[in-house]
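What follows is a single structure, written as structure tokens, with notes after it.
The chains referred to below are lettered A, B, ... by the order of the sequence lines, with proteins before strands, and numbering in each begins at 1. Note that this is a predicted model, so its numbers are computed, not measured. Scope of the values below: all heavy atoms of this structure, side chains included, with no hydrogens, waters or symmetry mates.
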There are 2 protein chains.
Amino acid sequence: MPVDSDPDLFKAIGDATRRTILDELTDRDGQTLFEICGRLTMKHGLASSRQAISQHLAVLEQAGLVHTRRQGRYKFHHIDTSPLRSIVERWPIDREEPNP
Amino acid sequence: MPVDSDPDLFKAIGDATRRTILDELTDRDGQTLFEICGRLTMKHGLASSRQAISQHLAVLEQAGLVHTRRQGRYKFHHIDTSPLRSIVERWPIDREEPNP
DNA sequence: TTGACAGGCAAGTTGTGACTTGCCTATAAC
DNA sequence: GTTATAGGCAAGTCACAACTTGCCTGTCAA
């Protein structure tokens, strides 16, 4: 009776705002909380509060998708996509060669 | 200002019961609703009602992860993992060779 | 044609998760 | 020291999604 694994991972990518945060960190890695807030508002047009983004980042960090590094009063956020590997390993995707 | 794509996909895999259904269809493809209900109870120890599973299957079908085929009074469910490809394409996973 | 079986539809309940609000700590600039 | 900046903590609000409940439709066997 196998248990469901990585519930935190699926919860993390289940929210649209968190997915946009991952997009943003993919575009420019190592941003601070305030940077992310600013760019989400500017580029993606969604006006979320600082606290909301902070909570989203905590969820992403718990899922292992984001690692943080403190430096003085700044905290830099780095993306780590390796946990996503477990998804395609769990439900293998049939290889489909474009031109055999 | 890019829009978030595939919200249905992430919603679908965001629920633990639906992930177990995908596990079950990976193990044995083309099951009917009642078969899935039975095996979820037996093998995975979760006792969900028929209606609950039916609604889960509808969500999975809307995400393109499950396709259905009617035959008489039976409806067979087939898994399709290809939508999962968009996840690893959106946030590329760094290739890490085991032994360089 | 009547009963059993496989599945569908729709309204109601409830728990969880996203977001806010308010206040607090720590580092750096002046 | 004082002030501004970067971030944290915790309780409260609210909406949505999972699940239930009850009834209905369609297919097949007797």
Straight-line distance of A:R19 CZ to A:L60 CG, nearest 0.5 Å: 11.0 Å

Below 4.0 Å: OP1/OP2 of D:dG8 and any side-chain N or O of A:S54: yes

When you compare the protein's N or O atoms with those of nucleotides 15-19 of chain D, which come within less than 3.5 Å of each other, and at what distance?
residue : atom : partner : partner atom : Å
D:dA18  : OP1  : B:R18   : NH2          : 2.6
D:dC19  : OP2  : B:H56   : NE2          : 2.2

Show the distances under 3.5 angstrom between N or O atoms of the protein and N or O atoms of nucleotides 26-30 of chain C.
none

Distance, rounded to the nearest Å, where [X] contributes [atom1] and [N] contributes [atom2]:
X     : N      : atom1 : atom2 : answer
B:R69 : C:dG7  : CZ    : P     : 12 Å
A:I53 : C:dG17 : CD1   : P     : 18 Å
A:Q62 : C:dA18 : CD    : P     : 12 Å
B:I36 : C:dG8  : CD1   : P     : 11 Å
B:F34 : D:dG26 : CZ    : C1'   : 13 Å
A:R50 : D:dA6  : CZ    : P     : 11 Å
B:Q51 : C:dT13 : CD    : C1'   : 15 Å
A:Q31 : D:dA6  : CD    : P     : 14 Å

Option passing side-chain contact (heavy atoms from CB on, under 4.5 Å) with B:W91 (candidates A:D80, A:T81, A:L25): A:T81

Charged N-O contact under 4.0 Å between A:D6 and A:R90: no

Quick one, [X] and [Y] - any side-chain contact, counting heavy atoms below 4.5 Å?
X     : Y     : value
B:V59 : B:D15 : no
B:F10 : B:I87 : yes
A:T41 : A:L46 : no

B:L9 versus B:S86, closest heavy-atom pair with distance: CD2-OG, 3.5 Å

List, one per line, each side-chain donor-acceptor pair under 3.5 Å for residues 61-69 of chain A, sequence neighbours excluded.
residue : atom : partner : partner atom : Å
A:E61   : OE2  : A:T68   : OG1          : 2.9
A:Q62   : NE2  : A:D8    : OD2          : 3.3
A:R69   : NE   : A:H78   : NE2          : 3.2
A:R69   : NH1  : A:Q71   : OE1          : 3.1
A:R69   : NH2  : A:H78   : NE2          : 3.0

